[in-house]
Amino acid sequence: MTDRPDRRHMPLTAMHWGTYRAETDGTTLQALHPFEEDVDPSNIAQGYFSVLDGPTRITAPMVRKGWLEDPEGRNRDRRGADDFVEVSWDRVESLLTDELTRVTQTHGNEAIYGGSYGWASAGRFHHAQGQLRRFLNLIGGHTTSVNTYSLAAGEVICEHVIGGFWVAAADTTDWQSIVDNSELFVAFGGLPLRNGQISQGGTGRHRQREAMLDARRNGVDFVTVSPLRDDSIAALDAQWIAPRPSTDVAMILGLCHTLLTEGLHDQAFLDRCTVGFDRFAAYLTGAQDGTPKTAQWAAGICDIDPQVILDLARKMHRKRTMISASWSLTRQDHGEQPFWAAITLASMLGQIGLPGGGFGLGYSAVNSLGLENHSLPYAAMPQGANPVQRFIPVARITDMLENPGGAFDYNGQKLTYPDTRLIWWAGGNPFHHHQDLNRLRAAWRRPDTVVVNDWCWTATAQHADIVLPCTNPLERSDISMSGRDPYIIAMEQVSAPPPLTRNDYEIFHGLATRMGLGAAFSEGRDQDGWQRHLYGESRNRARAAGVELPDYDTLRVRGWHKVPVPDKPNVMFEAFRADPQAHPIPTKSGKIELWSAEIDSFGYDDCPGHVTWLEPFEWLGNGDTDALHLISNQPRTKLHSQLDHGPVSQGDRPGGLERLRLNPQDAAARGLSDGAAVEVFNSRGACLARVVLDDAVRPGVAQMATGAWFNPSRQVEGLCLNGNPNVLTEDRGTSKLAQGPIAHTCLVKLRPAQM
């Protein structure tokens, strides 16, 4: 009998969804085993098997045939449906050098849109977005984007209310404080563990499930406010409150009104630590607009029993309460309001800064939120300065392509869209995460050239003109080192890439060298030299923060290092609560802004100066009894669309179609049975799906995860054969303030699929 190999001596690799020990012969990956420190490993990594060298792998530089045939018009109408021609690296570098020169000399560098996103790799060095921006900045700059698809509206509103979302994220009250001190945990949007599998920059040990169970065993009561009962695990035995989607703000206003009128609010905390409560209170009581925001008023909007709101408000007052607001709440029409409302509610309870009390923005949105950890400012690949000042909100790319020179509002500014002639995408898939993909597809034909770095034929790669074949994280060495996770992982190459592929650093260094900028790009370092440099700089920063890290060579030998957790559990805004004058938060006033003079000065009708119930542009309150509210949440089998083509994701599709979960009574009303193939549709498009009956879904709601690779039908206009729900979602900004995405404000109808 052969001894089982000691996994502790297998090389490590790390991803956003976990760390793994790799069985490999140095060329071929044979197995991935969970890291020995991980108590709740994710299965997502197994999605790599069969696709590393499968038919979707891009193995050589490719150029679209129509782009080569017509140097003037580029046959842009064939983009997304054309054949590709394999070329050499020498040829593709020559083509790119000529095109970059033409665009910058004729239209200026603002005509280049550097559209990368940050989820390509957990490695500190092989970070596609950083490598792309470093190169583009070196050649004169580019138009870039601000904020994230995950929570753009939340990021911008938090700037005004608490001084910044990432300020709060780094200071989030950790799970141990909740376990030890909380009595009640109210989760608006739930605590979905499918999201908690992930952390940007790498995950060493999954903490979310363990922490929730510890809290429950210690007597913490949980309340899940979501249209999906399983947005919290069954073991929490959570009270499920299922308001009509997009009405969380109305419910929170009803809670606030109850606290105020029953004298359950903490006026002393409001006076000392917030500004503007009097203005908000005038709105809450109806003194401002004649409509008191009572529990009865809120219940009518939310379609729940008003007693549920009254009872919850009183319970939150009696108990040490932590309020969580899911990132998903920001991805709806007027998505700025839910975070602001949750912070306002927590301020009225007066428990902010107390152990186990206050608020957190996105517990279980990612594994790192609430993780017991030092937040260390590790070094990233320097991108240099971007000489181009022009930017767009990240979710406004279709508007930019459709309206060159068009005006738009953003966070108090009046801006204009550039005339985009070249898009370069590295490390992302906009044909997954953007809204109204059929509209995006039409606008995508407008630029002269689209360049994409990718390792597999995603929809974005298929809609490119020049495709540069890159490696994936298993095929290179790096360091996984996130300031939001205590584990540092020396990532080893565990699989050999196809011979003609290059990593992003090699791609951009090669092109920079051809353009006479190679030395400026490399700064005299090879790839190992850069990793040593970034780690050394990070080690110095950690030492300045009182944390000692091993040297680079020792880390490589050991394979991993865990930064010791702080001795004392972190409590958000603890010092601020103790002395707001000595420890102000970074807002205009130094306090929590329940009314923002700055936002009020913008004069936005879709984002006033305090929390306000603003009716969504389409929702179930509009009276269309045949419509369903579509919840297109994050998938459990992949990160966004990564590895959708792999066996884990594909194995979760009954009959090859994406799951559409329906409440049995909604299915019965439409004559649909479990397993029926349906077409989900609205005025924007349609996609195929398979019905799964589930009473964990609120009546009137359909749930379909994002992440299916966009696959437009060639026979039926607007139909995605793979089931990407973003062919259905509306592409408009949350408000003039943040211009974030509103994917969760979406009504659909169903009809039997013609298959």
Side-chain angles (χ1 to χ4, degrees), residues 17 32 42-52 54-57 119 192-195 197-198 228 230-231 429 431-433 437-438 456-462 628 630-664 666-667 670 672-681 685-697 701-716 718-729 743 746 748-755:
W17 49 86
L32 286 170
S42 169
N43 195 44
I44 291 175
Q46 308 307 323
Y48 273 114
F49 290 97
S50 79
V51 299
L52 291 173
T56 58
R57 188 66 197 259
W119 288 104
L193 275 181
R194 62 181 177 274
N195 296 10
Q197 297 178 90
I198 311 301
L228 308 176
D230 53 7
D231 266 346
N429 184 7
F431 280 92
H432 146 65
H433 59 239
L437 292 180
N438 290 310
C456 49
W457 284 106
T458 64
T460 301
Q462 293 179 49
L628 295 165
L630 180 67
I631 300 295
S632 51
N633 52 9
Q634 295 297 327
R636 58 189 174 88
T637 58
K638 50 188 172 278
L639 168 56
H640 300 311
S641 66
Q642 287 188 53
L643 300 179
D644 179 55
H645 57 324
V648 175
S649 180
Q650 291 298 312
D652 195 50
R653 289 200 174 125
L657 293 179
E658 197 69 41
R659 296 169 179 266
L660 181 80
R661 292 203 300 163
L662 293 178
N663 187 283
D666 288 323
R670 292 160 177 78
L672 298 171
S673 60
D674 192 62
V678 294
E679 200 172 294
V680 191
F681 71 97
C687 63
L688 299 180
R690 184 82 63 187
V691 169
V692 175
L693 301 185
D694 196 336
D695 64 4
V697 179
V701 173
Q703 181 269 317
M704 187 176 184
T706 64
W709 282 8
F710 177 57
N711 182 19
S713 169
R714 298 199 178 193
Q715 285 75 44
V716 181
L719 174 67
C720 175
L721 301 174
N722 278 355
N724 188 320
N726 274 324
V727 300
L728 305 163
T729 53
C746 179
V748 299
K749 297 185 179 182
L750 307 178
R751 58 193 172 211
Q754 304 300 314
M755 301 187 67

Fill in: H433: partners by ring-ring contact (aromatic ring centres under 6.0 Å, His included), with sequence neighbours left out
Y117, Y149

Fill in: Verdict with reasoning, L628 to R670, per side chain to side chain contact (heavy atoms under 4.5 Å, CB included)
CA-CA 11 Å; L628 295 165; R670 292 160 177 78; 3.5 Å; yes

Worksheet item: Would a distance-only check, ignoring hydrogens and angles, find a side-chain to backbone donor-acceptor pair under 3.5 Å from E658 to R690?
Response: no

Discussion item. Check whether N726 reaches the backbone of H432 with its side chain - one donor and one acceptor, N or O, closer than 3.5 Å.
Written reply: yes

Discussion item. Students often mix this up, so state it plainly: with edges at 30° and 60°, are the rings of H640 and W119 parallel, tilted or perpendicular?
Written reply: perpendicular

Discussion item. Less than 4.5 Å apart, side chain to side chain, heavy atoms only: is that true for L643 and H645?
Written reply: yes

Worksheet item: Any side-chain heavy-atom pair from D666 and L750 closer than 4.5 angstrom?
Response: no

Worksheet item: Closest heavy-atom contact between C720 and V727?
Response: CB-CG1, 3.8 Å

Worksheet item: Please walk me through it: do S641 and N429 pass side chain to side chain donor-acceptor pair (under 3.5 Å)?
Response: CA-CA 8 Å; S641 66; N429 184 7; 3.1 Å; yes

Discussion item. For the CG atom of L688 and the CG atom of L657, what is their distance to the nearest 0.5 Å?
Written reply: 6.0 Å

Fill in: Side-chain ion pair, R659 and D694, N-O less than 4.0 Å
no

Response to the item:
Separation between OG1 (T729) and CG (L437), nearest 0.5 Å, reads 6.5 Å

Worksheet item: Is any side-chain heavy atom of Q642 closer than 4.5 Å to a side-chain heavy atom of W17?
Response: yes

Fill in: Lys/Arg N to Asp/Glu carboxylate O, D644 vs R653, below 4.0 Å
yes

Worksheet entry | Donor-acceptor pair, side chain of R661 and main chain of V692, under 3.5 angstrom | no

Item to complete: Taking the side chain as every heavy atom from C-beta outward, state whether V691 and S673 have any pair of such atoms under 4.5 Å apart.
Response: no

Fill in: Test item: D652 and R636 side chains (from C-beta on) under 4.5 Å apart, heavy atoms
yes

Worksheet item: Do side-chain atoms of D674 reach the backbone of L693 as a donor and acceptor pair under 3.5 angstrom?
Response: yes

Discussion item. Checking side-chain contact (heavy atoms from CB on, under 4.5 Å) between S632 and each of T706, N724, V748, L728, which is the one that passes?
Written reply: T706

Discussion item. Strictly distance-based, threshold 3.5 Å: is any side-chain N or O of N722 a donor or acceptor partner for the main-chain N or O of A708?
Written reply: no

Worksheet item: Counting distance only, does the side-chain N/O of Q46 pair as donor-acceptor with the main-chain N or O of L32 below 3.5 Å?
Response: yes

Worksheet entry | Distance (rounded to the nearest 0.5 Å) between E679 CD and Q754 CD | 8.0 Å

Worksheet item: Sub-3.5 Å donor-acceptor pair from the side chain of Q650 to the main-chain atoms of P647, do we have one?
Response: no

Worksheet item: Among V697, D231, V701, which one satisfies side-chain contact (heavy atoms from CB on, under 4.5 Å) with I631?
Response: V701

